[in-house]
Amino acid sequence: MSEAVVEPGANPSPESKRPGIPGFDAQAIIKSPGFIPGLAIFGALCLAFFSLFSRLPHLWFEGDGYYSHGALIPFMSGYVVYKNWDKIKDVPAKGSWFGIPVLLVTGWVLFAGVRIEQIQIQSFALVITLLGGTLLIGGWRWLRILALPMFLLLFALPIWSNIIDTYTNPLQQISTDVSYGLLKAFQFDPLKVDATTIHLPAFTLDVGVPCSGLKLLIAVSAFTTFFIMIGGLKWWGNMIMLIAIMPLCLFINGLRIALIGVVGNQYGAEAGHQFHDYSGYITLLICFFLLFKLMRLLGWED
């Protein structure tokens with residue numbers, strides 16, 4: 001059997017000059033009947049939620065904020081969509097008129113949220129609007145596939161104020177107890193003065209609100225939800241992942257506080273404060289790594 005020879009200067013086949021993500025056909029998306037309505041809804045979203053969007057950079061990039069992980073969430077949500085692209089690309093866009101009342105009601109809620117400057121209401125309205133727009137353009141089958149990555153966006157939005165107000169102080173005390181236990185186990189002679197203060201021979205640990213561990217808990221919950229969405233584990237594996245969130249965060253945060261005390265006690269207060277400033281990122285990376293290893297242990301092979 002002779003081989004086919006491509007003559008110099010011959011035009012390559014369309015497949016050979018179509019780079020990009022395997023299975024991701026940009027031309028098919030552009031030609032889809034939902035493309036133009038989708039662009040229109042995207043533009044309307046940018047205008048309607050300008051008040052919310054303009055505040056997100058400050059929330060995501062402020063030093064001691066609870067949403068420093070937020071900038072990663074849209075990319076994680078997009079990756080979940082990419083992972084499910086084989087399911088999406090073959091589903092025809094059959095919009096449902098049920099999306100219209102959803103958008104109308106959500107628009108009224110958004111208007112109220114903007115008028116009273118309630119950013120939590122605006123955040124919930126954003127996700128519901130995305131769900132309603134998906135239902136209107138793509139229909140129920142698209143909604144079933146895209147609902148979870150849209151709900152993942154809630155971890156990037158300031159909806160957690162009530163949880164933060166309720167659980168910050170209890171977590172401060174638990175984190176202090178964990179760090180005190182670790183310091184005592186390694187014989188650093190800690191003295192617990194009150195619920196959130198530990199004296200060492202040459203350094204004092206005052207476990208403030210930013211060190212309560214709640215920032216870490218919210219971020220790790222987001223990462224765990226992301227891993228569950230892409231991992232394809234059995235239900236019991238997902239349950240193990242969810243159950244692991246709280247003890248993992250409390251231990252790692254307590255360890256971080258204890259290490260701040262060790263550094264401050266051994267190398268001086270300035271070194272302890274410097275370690276405090278960047279150790280939060282270290283604990284986040286450690287949690288991410290441990291979650292990844294747990295996923296592998298539970299059978300994730302992707």
Side-chain angles (χ1 to χ4, degrees), residues 59-73 76 155-156 160 163-227 241-295 297:
L59 289 169
W60 289 349
F61 300 111
E62 66 174 331
D64 291 327
Y66 287 87
Y67 301 96
S68 56
H69 62 282
L72 298 174
I73 300 299
M76 294 162 64
F155 284 104
W160 308 94
I163 293 176
I164 292 169
D165 293 341
T166 303
Y167 294 103
T168 292
N169 187 255
L171 287 177
Q172 275 181 270
Q173 298 180 26
I174 295 173
S175 295
T176 304
D177 291 339
V178 172
S179 60
Y180 174 77
L182 290 171
L183 290 167
K184 190 173 183 179
F186 288 98
Q187 300 181 350
F188 279 94
D189 298 324
L191 175 63
K192 190 175 179 184
V193 179
D194 56 40
T196 59
T197 305
I198 300 173
H199 281 327
L200 293 169
F203 189 72
T204 298
L205 276 169
D206 185 9
V207 183
V209 170
C211 295
S212 66
L214 196 52
K215 290 192 296 184
L216 184 65
L217 182 61
I218 294 174
V220 169
S221 297
F223 293 149
T224 303
T225 303
F226 170 70
F227 280 136
M241 292 290 294
L242 293 173
I243 292 171
I245 294 175
M246 182 65 77
L248 174 65
C249 290
L250 290 176
F251 176 75
I252 295 298
N253 191 59
L255 177 62
R256 175 205 176 200
I257 295 170
L259 289 175
I260 292 171
V262 171
V263 172
N265 190 67
Q266 299 299 113
Y267 302 102
E270 183 177 353
H273 292 305
Q274 288 179 350
F275 182 75
H276 168 274
D277 292 339
Y278 63 79
S279 59
Y281 298 102
I282 296 175
T283 55
L284 191 59
L285 289 174
I286 291 173
C287 287
F288 191 93
F289 175 77
L290 292 176
L291 287 171
F292 176 79
K293 286 298 184 181
L294 179 58
M295 284 284 291
L297 184 64

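For reference, positions follow the sequence shown, starting with 1. Bear in mind the structure is a predicted one, so any value in this text is a computation, not a measurement.
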* Asked: Going from CD1 on Ile252 to CG on Leu259, what distance comes out if it is rounded to the nearest 0.5 angstrom?
  -> 9.5 Å

* Asked: Between Leu216 and Cys249, what is the shortest heavy-atom contact and its length?
  -> CD2-O, 3.7 Å

* Asked: Any sub-3.5 Å donor-acceptor pair from Thr197's side-chain atoms to Asp194's backbone N or O?
  -> no

* Where is the tightest heavy-atom contact between Tyr66 and Thr168, given as atom of each residue plus distance? -> OH-OG1, 3.9 Å

* Given side chains that start at C-beta, do those of Phe223 and Met76 come closer than 4.5 Å, heavy atoms only? -> yes

* Structure fact -> Here the gap from Leu205 atom CG to Tyr180 atom OH, rounded to the nearest 0.5 Å, amounts to 12.5 Å

* Asked: Can you name the nearest heavy-atom pair linking Ala244 to Leu294, along with the distance?
  -> CB-CD2, 4.0 Å

* Asked: Would you say the side chains of Asp177 and Gln173 form a donor-acceptor pair under 3.5 Å?
  -> no

* Does the side chain to side chain contact (heavy atoms under 4.5 Å, CB included) test come out yes or no for Phe289 and Leu284, once each step is laid out? -> CA-CA 9 Å; Phe289 175 77; Leu284 191 59; over 6 Å; no

* Structure fact -> Distance col, row Phe251:CZ vs Ile174:CD1, nearest 0.5 angstrom, shows 15.0 Å

* To do: Could you go through the side chain to side chain contact (heavy atoms under 4.5 Å, CB included) check for Gln266 and Phe188 one step at a time?
  => CA-CA 10 Å; Gln266 299 299 113; Phe188 279 94; 3.9 Å; yes

* Asked: Would you say the ring centroid of Phe227 lies under 6.0 angstrom from that of Phe288?
  -> yes

* Asked: Within a radius of less than 6.0 Å around NZ of Lys184, do more than 12 heavy atoms belonging to other residues, nucleotides or ligands occur?
  -> no

* Would you confirm whether Trp160, through its side chain, and Tyr67, through its main-chain N or O, come within 3.5 Å as a donor-acceptor pair? => no

* Asked: Roughly how far apart are Leu291 CG and Leu248 CG, rounded to 0.5 Å?
  -> 5.5 Å

* Please report the C-alpha distance between Phe226 and Leu72 in whole Å, then the side-chain angles of each, then the deciding distance to 0.1 Å, and finally whether the side chain to side chain contact (heavy atoms under 4.5 Å, CB included) criterion is met. => CA-CA 11 Å; Phe226 170 70; Leu72 298 174; over 6 Å; no

* To do: May I ask you to decide if Val220's main-chain N or O and His69's side chain share a donor-acceptor pair within less than 3.5 Å?
  => no

* Is any side-chain heavy atom of Trp60 closer than 4.5 Å to a side-chain heavy atom of Ser68? -> no

* Asked: How about Thr196 and Asp206: do any of their side-chain heavy atoms sit closer than 4.5 Å?
  -> yes

* What's the shortest heavy-atom distance between Leu214 and Ile164, and which atoms? -> CD2-CA, 3.3 Å

* To do: Taking atom CZ of Phe275 as the centre, report whether more than 12 heavy atoms of other residues, nucleotides or ligands fall under 6.0 Å from it.
  => yes

* To do: Look at the side chain of Ser175 and the backbone N and O of Gln172, then say whether any donor-acceptor pair between them is shorter than 3.5 Å.
  => no

* Can Val193 and Thr204 be said to form a side chain to side chain contact (heavy atoms under 4.5 Å, CB included), step by step? -> CA-CA 10 Å; Val193 179; Thr204 298; over 6 Å; no

* **Heavy-atom pair of closest approach, residues Val178 and Gly254** => CG1-CA, 3.7 Å

* Atom NE2 in His276, atom CZ in Arg256: separation rounded to 0.5 Å? -> 5.0 Å

* Asked: At their closest point, which heavy atom of Ser179 faces which heavy atom of Ala258, and how far apart are they?
  -> CB-N, 3.8 Å

* Asked: Nearest 0.5 Å, what's the OG-CG distance between Ser212 and Asn253?
  -> 7.0 Å

